[in-house]
Amino acid sequence: MKILTTLVIAVIIIAIISTLLIAGKADVKYSSSTKRNTTNLTLIYAITIPLILIALGIFIVFFT
């Protein structure tokens, strides 16, 4: 189970880093027009990561 938890956390970290790297490689005009999209994506991560961790905790408590 520790391996699975570590794998989930690693995937989340890789996804965040990849998203930020891709979002940072835009020209000036494109970057300014997608600022809202980057903000929305960051908010999605900020909401889903804690929910995933809570769900993982509940799964560990009740199903192991």
Side-chain angles (χ1 to χ4, degrees):
M1 186 56 74
K2 290 181 182 181
I3 294 172
L4 183 59
T5 304
T6 304
L7 183 62
V8 168
I9 291 171
V11 168
I12 290 171
I13 291 171
I14 290 170
I16 291 171
I17 291 171
S18 299
T19 302
L20 293 176
L21 288 174
I22 291 170
K25 290 185 178 181
D27 61 354
V28 176
K29 188 176 182 181
Y30 182 80
S31 180
S32 64
S33 67
T34 59
K35 183 176 182 181
R36 181 175 171 91
N37 292 337
T38 305
T39 303
N40 289 342
L41 187 58
T42 303
L43 288 173
I44 290 169
Y45 278 131
I47 293 169
T48 57
I49 290 173
L51 291 176
I52 290 169
L53 293 175
I54 290 169
L56 179 63
I58 291 171
F59 176 80
I60 291 170
V61 168
F62 289 112
F63 297 106
T64 57

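Here the OG1-CD1 distance, from Thr19 to Ile14, works out to 11.5 Å after rounding to the nearest 0.5 Å.
Listed by first then second residue, pairs satisfying ring-ring contact (aromatic ring centres under 6.0 Å, His included) with a partner in residues 36-57 number zero, not counting sequence neighbours.
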Would you be so kind as to tabulate the donor-acceptor pairs closer than 3.5 Å made by side chains of residues 3-13, with sequence neighbours excluded?
{"residue": "Thr5", "atom": "OG1", "partner": "Met1", "partner atom": "O", "Å": "3.0"}
{"residue": "Thr6", "atom": "OG1", "partner": "Lys2", "partner atom": "O", "Å": "2.7"}

Atom pairs and distances, side-chain donor-acceptor, residues 46-64, under 3.5 Å, sequence neighbours left out:
{"residue": "Thr48", "atom": "OG1", "partner": "Ile44", "partner atom": "O", "Å": "2.8"}
{"residue": "Thr64", "atom": "OG1", "partner": "Ile60", "partner atom": "O", "Å": "2.2"}

